[in-house]
Amino acid sequence: MQVAALFDIHGNLPALEAVLDEVHQAGIDQVVVGGDVIPGPMPRETLRRLLDVEPPAHFIRGNGELAILAQMAAARGGAATYWGTTSGAPPPEPIREVYRWTARRLQPDYQPVLADWPKTLRLEIDGLGTVLFCHGTPRSETEIFTRLTPEERLVPLFDELQVSVVVCGHTHMQFDRQIGRTRVVNAGSVGMPFGSPGAHWVVLGPRVQLRQTSYDLAQAAERVRATSYPQAHEFAAQNVLQAPSEAEMLEAYSRAELR
């Protein structure tokens with residue numbers, strides 16, 4: 001059995017379409033969607049495409065889904081109680097507008113769908129054994145660690161799981177590292193990768209393959225700019241046509257990672 005793990009799509013439908021074409025061509029047996037399908041410029045279309053995948057995909061939630069669910073609840077009365085940030089504090093107003101726009105685009109049709117996604121998933125995968133999928137870490141969808149986070153901080157978190165492999169996302173940068181007795185793989189981001197443009201994902205079984213799929217970035221940027229997404233032009237320029245550098249993001253994450 002081979003499993004494709006797709007994380008952090010962020011409503012980038014052109015990137016997802018390119019990856020699913022490769023998934024189909026490779027004869028992948030199962031797909032795991034690892035959270036943060038949303039927010040992003042094409043949330044309804046991206047969710048619909050994933051929900052129609054054959055065979056049906058497994059889903060887990062990310063901080064993005066939980067933040068949008070909180071906005072949906074707030075729209076029915078009251079204030080948002082979850083923002084999906086590491087600190088728990090509200091993000092800047094432009095990000096809050098993205099959350100409100102996304103909630104409006106998705107409710108009420110997709111509220112029960114998102115609310116049903118679990119926090120983690122375990123699968124038995126040929127050649128790898130028991131694999132646990134989570135968004136940030138197994139205990140939190142917002143916790144941050146990278147390929148540079150010291151191992152001693154992470155061993156207590158992963159060794160107690162008693163699994164062979166953990167696959168995560170959240171930080172949008174691929175890695176494959178050993179933490180104590182556990183192999184930990186970051187699938188990267190399909191829709192908003194850091195380091196290099198394209199769509200980043202992973203194939204599991206019987207080995208681990210970090211994949212990067214090329215697609216027509218100029219055409220994708222045009223499709224993004226044609227949406228009503230509040231940050232459409234920024235997303236097209238900064239997350240499709242180009243990507244923040246790995247060095248820049250490692251420096252930023254070093255100030256917020258697990259201690």
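Every value quoted in this text rests on a predicted model; they were computed, and no experiment measured them. The first residue in the sequence is number 1, and the count goes up from there.
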Side chains of T227 and R223 in contact at under 4.5 Å (non-hydrogen atoms)
no
Can you find a pair of side-chain heavy atoms, one from F175 and one from F145, that are under 4.5 Å apart?
yes
Partners passing side-chain contact (heavy atoms from CB on, under 4.5 Å) against R104 (at least two apart in sequence or in another chain)
E97, R100, W101
Rounded distance (nearest 0.5 Å) linking atom CZ of R139 with atom OG1 of T120:
14.0 Å
salt_bridge(E141, K119) N-O dist < 4.0 Å
no
Which pairs count as side-chain hydrogen bond (donor to acceptor under 3.5 Å, both in side chains) when at least one residue sits in residues 229-241, sequence neighbours excluded?
none
Close side-chain approach of V32 and L123, heavy atoms under 4.5 Å:
yes
Does any non-hydrogen side-chain atom of L20 lie less than 4.5 Å from one of V53?
yes
Throw together a table of side-chain donor-acceptor distances under 3.5 angstrom for residues 105-113, partners on residues two or more places apart or in other chains.
| from | atom 1 | to | atom 2 | distance (Å) |
| --- | --- | --- | --- | --- |
| R105 | NH2 | E45 | OE2 | 3.4 |
| D109 | OD2 | R44 | NH2 | 3.1 |

Just list the side-chain donor-acceptor pairs under 3.5 Å for residues 147-160, sequence neighbours left out, or say none.
| from | atom 1 | to | atom 2 | distance (Å) |
| --- | --- | --- | --- | --- |
| R147 | NE | E246 | OE2 | 3.2 |
| R147 | NH2 | E246 | OE1 | 3.4 |
| T149 | OG1 | T146 | N | 2.8 |
| T149 | OG1 | E257 | OE1 | 2.6 |
| E151 | OE2 | G180 | N | 2.7 |
| R153 | NH1 | E257 | OE2 | 3.1 |
| R153 | NH1 | L258 | O | 3.0 |
| D159 | OD1 | R181 | N | 2.9 |

CD (Q209) with more than 12 external heavy atoms under 6.0 Å:
yes
Is there a donor-acceptor contact under 3.5 Å from the side chain of Y253 to the main chain of T171?
yes
Compute the ring centroids of Y99 and Y82, then answer whether they are less than 6.0 Å apart.
no
I'd like to know if the side chain of N12 reaches the main chain of G191, judged simply by a donor and an acceptor atom lying under 3.5 Å from each other, with no hydrogens or angles considered.
yes
Flag, side chain of E248 to backbone of G195, donor-acceptor distance under 3.5 Å:
no
Heavy-atom closest pair (P193 atom, A243 atom, distance to 0.1 Å) is O-CB, 3.2 Å
Separation between CD (E65) and CG (D36), nearest 0.5 Å, reads 5.5 Å
Sequence neighbours left out, what passes side-chain contact (heavy atoms from CB on, under 4.5 Å) with T46? Give chain and number order.
I9, L13, L16, V37, M42, L50
How many angstroms lie between CD in E124 and OG1 in T130, if you round to the nearest 0.5 Å?
3.0 Å
For residues H10 and F235, report the shortest heavy-atom separation together with the two atoms involved.
O-CZ, 3.8 Å
Atom CG of L204 and atom CD1 of I28: how far apart are they, to the nearest 0.5 Å?
9.0 Å
Please determine if R225 and E222 form a salt bridge, counting it only when a charged side-chain N lies under 4.0 Å from a carboxylate O.
no
Are a donor atom and an acceptor atom from the side chains of N63 and H135 found within less than 3.5 Å of each other?
yes
V185 side chain reached by L210 side chain, heavy atoms, under 4.5 Å
yes
Within the 6.0 Å centroid threshold, strictly below: H200 and H172:
no
Distance-only, no hydrogens or angles: does the D126 side chain make a donor-acceptor pair with backbone N or O of G205 under 3.5 Å?
no
Sorted by chain and residue number, the side-chain contact (heavy atoms from CB on, under 4.5 Å) partners of D216 (sequence neighbours excluded) come out as A218, Q219
Which of P230, P43, P41 passes side chain to side chain contact (heavy atoms under 4.5 Å, CB included) with T102? It is P43
